[in-house]
Amino acid sequence: MTPRVWISGASSGLGAALARHYAAQGAHLGLTARHGERLREVAATLPARAEIYPLDVTDAEAMRGAARDFIARAGLPDIVIANAGVSVGTLTEEADDLDAFARVMAVNVQGAVNTFHPFVAAMRQRGSGRLAGIASVAGVRGLPGAGAYSASKAALISYLESLRVELRGSGVRVVTVAPGYIATPMTAVNKYPMPFMLPVDVAARRIARVIERGASFAVVPWPMGVVARLMRLLPNGLFDALAARSGRKPRGLKL
């Protein structure tokens, strides 16, 4: 049976790499992204059928409409990946960053809720499926200059945990993936060291394996998982001193 996979944020970076990975397996894809032209370019390169839906994940009604169309064409997805996300450096004292905070939270948190919402009840009724959310190790502890991004990914991790418990015993598995650094346009603007950086196609394959086995939580790559656990264990004073010297994402990037 042809697997059916829905991926948000599929016009570039990790989302496009995940689309390539699943297309190589012959999956029937449902792909969403804000940038319609880029999304069409990605779809045109895939060796499998892809339904494309140019939309913003913060638009819940648009997402519901796209989901209905995909189900009519392909059937209920086996895997839904909430991958769409934005990242930008922010500072709370800067008035210009208030809108950036709101946008990051809306896309990275509410966008995941909107992505899953149209499919959850039907998956529960069917008794199977994977709902995978792409969080980040940045959600483990707050990083300086990345208050919006860290907060959004921490909120996403907690949301996915709640959803996992709600669906316990239903046959629907909720998978939280917390990547470290991946070579994408999102990280290309960073001017500081990024340890254990993964090529995007390698990251996509590893993340797909995590989703396939239905892990409740996984950090990719695993060495960043060790770093994340150590960060969580550090006393606040020591963490603060170390984090204050870390690199910061540039402010003012277009969202």
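Just so it is clear, the values below take in all heavy atoms, side chains as well, and ignore hydrogens, waters and symmetry mates.
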Q: Kindly indicate whether the side chain of Met123, heavy atoms from C-beta on, has any atom under 4.5 Å from the side chain of Ser128.
A: no
Q: Taking the side chain as C-beta and beyond, is there a heavy-atom pair between Ile211 and Ile79 under 4.5 Å?
A: yes
Q: Do Val140 and Ile182 belong together in a cluster built from hydrophobic side chains that touch within less than 4.5 Å?
A: no
Q: Quick check: do Arg40 and Ile52 have side-chain heavy atoms less than 4.5 Å from each other?
A: yes
Q: Is a side-chain donor or acceptor of Asn83 paired with a backbone partner of Ile7 at a separation under 3.5 angstrom?
A: no
Q: Between Val120 and Val172, does the side-chain contact (heavy atoms from CB on, under 4.5 Å) criterion hold? Intermediate values first, please.
A: CA-CA 8 Å; Val120 172; Val172 182; over 6 Å; no
Q: So, for Ala132 and Phe116, which heavy atoms are closest and what is the spacing to 0.1 Å?
A: O-CZ, 3.5 Å
Q: Using the ring centroid of each side chain, check whether Trp6 and Tyr53 are separated by less than 6.0 Å.
A: yes
Q: Do you know which two heavy atoms are closest between Ala48 and Ala23, and how far apart they sit?
A: CB-O, 3.6 Å
Q: Backbone N or O of Gly127 within a donor-acceptor pair of the Ser170 side chain at under 3.5 Å?
A: no
Q: Taking side chain as C-beta onward, heavy atoms only, is Leu46 less than 4.5 Å from Arg20?
A: yes
Q: Check whether any side-chain heavy atom of Arg141 lies under 4.5 Å from a side-chain heavy atom of Leu234, and answer yes or no.
A: yes
Q: Under 4.5 Å between side-chain heavy atoms, counting indirect links through other Ile/Leu/Val/Met/Phe/Trp/Tyr residues: same cluster for Leu55 and Val107 or not?
A: yes
Q: Would you call Arg103 and Asp56 a salt bridge, taking side-chain N to carboxylate O under 4.0 Å as the test?
A: yes
Q: Do Asn108 and Tyr149 have side-chain N/O donor and acceptor atoms under 3.5 Å apart?
A: no
Q: Counting C-beta onward and ignoring hydrogens, is there a side-chain heavy-atom pair between Ser216 and Arg164 closer than 4.5 Å?
A: yes
Q: Taking C-beta and beyond as the side chain, do Arg206 and Asp201 meet within less than 4.5 Å on heavy atoms?
A: no
Q: In the structure I gave you, are the side-chain heavy atoms of Arg126 and Asp78 within less than 4.5 Å of one another anywhere?
A: yes
Q: Could you walk me through whether Arg68 and Glu61 pass the salt bridge (Lys or Arg N to Asp or Glu O under 4.0 Å) check?
A: CA-CA 11 Å; Arg68 285 193 298 268; Glu61 184 53 43; 3.6 Å; yes
Q: Tell me whether the rings of His28 and Phe70 are parallel (<30°), tilted (30 to 60°) or perpendicular (>60°).
A: perpendicular
